[in-house]
Amino acid sequence: MTVPSTAAAPQGTFEREMAREIARRRSFAIISHPDAGKTTLTEKLLLYGGAIHLAGSVKARRAQRHATSDWMALEQERGISVTSSVMQFEYDGYVVNLLDTPGHEDFSEDTYRTLVAADSAVMLLDNRKGVEERTRQLFAVCKRRRTPIFTFVNKCDRWGEDSLKVISDVEAELEIECCPVTWPIFREHGFAGVYDRREQLVHLFGTDSDHGSRQAGVSIGALHDDSIRRALGNATHDRLVHDIALLDEAGHPFDHAAVLAGTQTPVFFGSALTNFGVAPFLREFLELAPPPTPRETTTRRIAPDDADFSGFVFKIQANMDARHRDRVAFVRVVSGRFEAGMSATHTRTGKSIRLASPQTFMARERTAVMEAWPGDVIGLLDRGTLRIGDTIATNPDIVFADIPRFAPEHFARVVLADPMRRKQMDAGLRQLTEEGAAQVFFTSATDVAGPVPIVGAVGMLQFDVMLHRLEHEYGAPCRLERFSGGNPRWVVGPAAEIERISRQRGTTLLFDAKGHPLLLFDDAWSLRYAVERETSLTYHESAP
Ligand code: G4P
């Protein structure tokens with residue numbers, strides 16, 4: 001086992017156990033543009049982690065479980081996955097929590113929140129396409145939070161952009177230092193292996209006889225071994241030696257502190273499809289990625305080894321199982337030890353709750369969990385008490401800082417098909433808001449029961465899901481009237497000024513469910529103009 005030693009840990013048995021469990025945990029999410037290979041890589045990580053034995057089962061299980069609810073039928077119809085889950089597996093002594101994020105580019109608010117629960121992120125790139133739109137957006141969220149980012153350049157089994165160009169594009173586009181940890185070796189017939197610069201070893205891949213459904217065979221040797229030169233052929237070997245010398249001389253030296261600060265990204269090359277390069281990536285990633293990190297509360301910082309159990313809800317999933325109309329609240333454990341059946345305070349309401357039926361997740365399968373440590377995610381069955389951002393802790397003074405809400409990109413009025421169903425619609429919108437599946441706005445700060453609520457969504461698909469659920473779960477069929485204003489900003493300043501600016505500049509003024517004002521600008525130009533000229537207000541992309 002290569003997990004860091006805990007020799008400096010405190011002496012008590014519990015403290016020692018806790019220090020060991022914290023040191024071996026890694027909780028991360030994969031960020032990518034659709035089609036870069038996230039599902040394939042996830043599956044291969046599970047394969048290497050021994051959580052599945054033959055690749056192909058995640059996709060198969062996903063298809064099979066699609067039948068479980070109407071809502072999932074919608075996903076199936078659209079050929080996408082809008083729900084996400086958490087997968088835990090062990091590898092080389094580490095406990096790995098892979099927080100899966102929805103793949104579709106249209107449905108990303110959940111992804112933002114999942115990134116808040118992760119301690120690091122793997123940025124997956126297609127070797128032909130480099131940095132794409134969704135990657136850029138998710139990267140920006142990570143950068144703002146200073147989340148350490150590890151880059152995996154995928155699909156190296158087929159011809160792609162020159163590796164040096166991929167790296168310099170990432171540096172230029174995302175303004176982050178790249179440090180290649182593995183470097184791809186290509187020869188005439190394709191992807192031959194990778195050179196691991198930290199280990200200073202060449203990994204040569206065996207032939208892919210079963211299309212990547214099992215772990216890839218490799219042979220390993222030093223760069224200047226005769227056997228490696230013979231296996232690669234003189235020309236390929238010379239090129240590799242030249243590339244490595246170039247990287248050593250001209251590249252950024254590896255700087256672990258910079259990686260942990262989110263200013264340098266270690267880069268790996270591989271092919272999730274054939275498994276080539278997956279094992280060195282997983283091993284080095286686990287070694288270099290941070291263990292569970294401290295989290296801010298409204299008053300102080302809670303370290304993972306704080307003795308009090310604490311965690312926060314980052315996601316609420318409705319209808320995971322059509323037979324039980326329950327919700328599952330996903331809680332990221334921040335500190336202490338969680339034990340099944342323990343009681344803790346739900347700090348928003350001050351009520352004590354018994355954490356009775358916790359679950360962990362393996363893809364969509366639920367398994368009971370008896371114990372969890374910082375970095376882990378537990379699923380709590382919830383009958384409507386918990387909300388996104390809520391804290392659950394044995395010490396009632398702990399209240400974690402709110403999870404930021406991102407400004408929606410699309411807005412629409414919700415129009416009821418049958419005006420008699422107003423109550424059902426309101427109940428539905430309230431629940432969808434608590435789950436974080438919708439953001440509801442009003443045209444007046446005081447009139448939150450006003451005639452026509454307005455919903456906001458990060459992606460258009462979120463609207464489809466909302467309408468579907470309002471009709472099928474709450475019995476309130478509705479339609480949406482879209483309106484323009486794709487450049488929203490939460491604004492802070494004197495109320496009279498906000499109203500004047502809204503009137504004079506012809507922008508729409510809305511209020512969120514907490515009464516915070518939001519201005520919708522017609523285009524980027526008018527937004528910029530207001531930001532420059534109307535300095536009595538401050539403008540925010542997420543809710544203040
Ligand atoms: P996503 O979750 O990021 O959307 O991507 P997914 O894994 O579904 O992969 C998208 C496509 O890219 C799939 O092909 C997949 O097989 C392919 N792919 C993933 N990793 C690699 C790789 O390392 N090399 C190559 N050559 N292809 C890769 P598809 O034809 O759309 O689907 P399928 O029929 O293979 O399932």
Side-chain angles (χ1 to χ4, degrees), residues 28-48 52 54-66 75-76 78-87 98-108 110-111 114-115 121-139 150-161 163 166 182 184-186 189-194 203 205-216 218 267-282 285 363-364 459 461:
F28 73 102
I30 301 177
I31 59 173
S32 62
H33 193 79
D35 258 7
K38 184 155 68 71
T39 311
T40 312
L41 181 66
T42 300
E43 193 157 77
K44 297 313 170 69
L45 295 178
L46 296 179
L47 178 75
Y48 278 78
I52 55 173
L54 269 187
S57 33
V58 170
K59 272 189 182 167
R61 179 157 48 215
R62 185 179 278 184
Q64 182 193 337
R65 301 278 297 196
H66 269 315
E75 291 178 46
Q76 193 178 21
R78 304 284 296 254
I80 44 156
S81 167
V82 291
T83 54
S84 58
S85 50
V86 183
M87 286 156 269
L98 170 50
L99 314 188
D100 193 16
T101 51
H104 197 273
E105 62 179 299
D106 237 14
F107 201 80
S108 53
D110 248 3
T111 310
T114 299
L115 292 176
V122 170
M123 177 167 74
L124 182 67
L125 304 178
D126 182 318
N127 68 342
R128 284 184 190 168
K129 298 182 178 154
V131 177
E132 295 176 85
E133 185 50 28
R134 183 65 30 177
T135 332
R136 202 171 288 121
Q137 285 169 327
L138 296 171
F139 176 86
F150 296 77
T151 303
F152 186 90
V153 181
N154 192 28
K155 306 199 183 183
C156 291
D157 56 296
R158 36 145 244 213
W159 174 88
E161 279 289 357
S163 308
V166 173
T182 65
I185 308 167
F186 297 107
H189 307 297
F191 191 28
V194 290
H203 295 241
F205 308 132
T207 46
D208 169 35
S209 55
D210 53 5
H211 306 288
S213 63
R214 289 171 210 281
Q215 301 192 20
V218 284
V267 182
F268 300 81
F269 290 81
S271 157
L273 190 69
T274 59
N275 303 338
F276 293 170
V278 173
F281 161 69
L282 183 56
F285 164 69
R364 287 268 175 76
L461 176 66

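Remember, it's 1-based here, ligands and their atoms both numbered in the order they're listed. On a predicted model such as this, the values are computed, not experimentally measured, just so you know.
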Does any N or O of ligand 1 fall below 3.5 Å from an N or O anywhere on [X], backbone included?
X    : answer
C156 : no
T274 : no
L273 : yes
P34  : no

For ligand 1, which part of [X] has a heavy atom less than 4.0 Å away: the side chain, the backbone, both, or neither?
X    : value
A36  : backbone
N154 : side chain
D157 : side chain

Atoms of ligand 1 under 4.0 Å from any heavy atom of R158, numbered from 1 in the order shown, are 26 (N)
For K38, the ligand 1 atoms with a heavy-atom partner under 4.0 Å come out as 1 (P), 2 (O), 3 (O), 5 (O), 7 (O)
Contacts of R128 meeting side-chain contact (heavy atoms from CB on, under 4.5 Å) (sequence neighbours excluded), chain-then-number -> D126, R158, W159
side-chain contact (heavy atoms from CB on, under 4.5 Å) filter on E161, not counting sequence neighbours, yields K165, V166
For the pair [X] (side chain) and [Y] (backbone), establish whether a donor and an acceptor sit closer than 3.5 Å, ignoring hydrogens and angles.
X    : Y    : value
T42  : K38  : yes
D157 : S271 : no
H33  : R134 : yes

- Distance only, no hydrogens: is a donor on one side chain within 3.5 Å (strictly under) of an acceptor on the other, for N127 and K155? no
Relative to each other, are the rings of F276 and F191 parallel, tilted or perpendicular (30° and 60° limits)? tilted
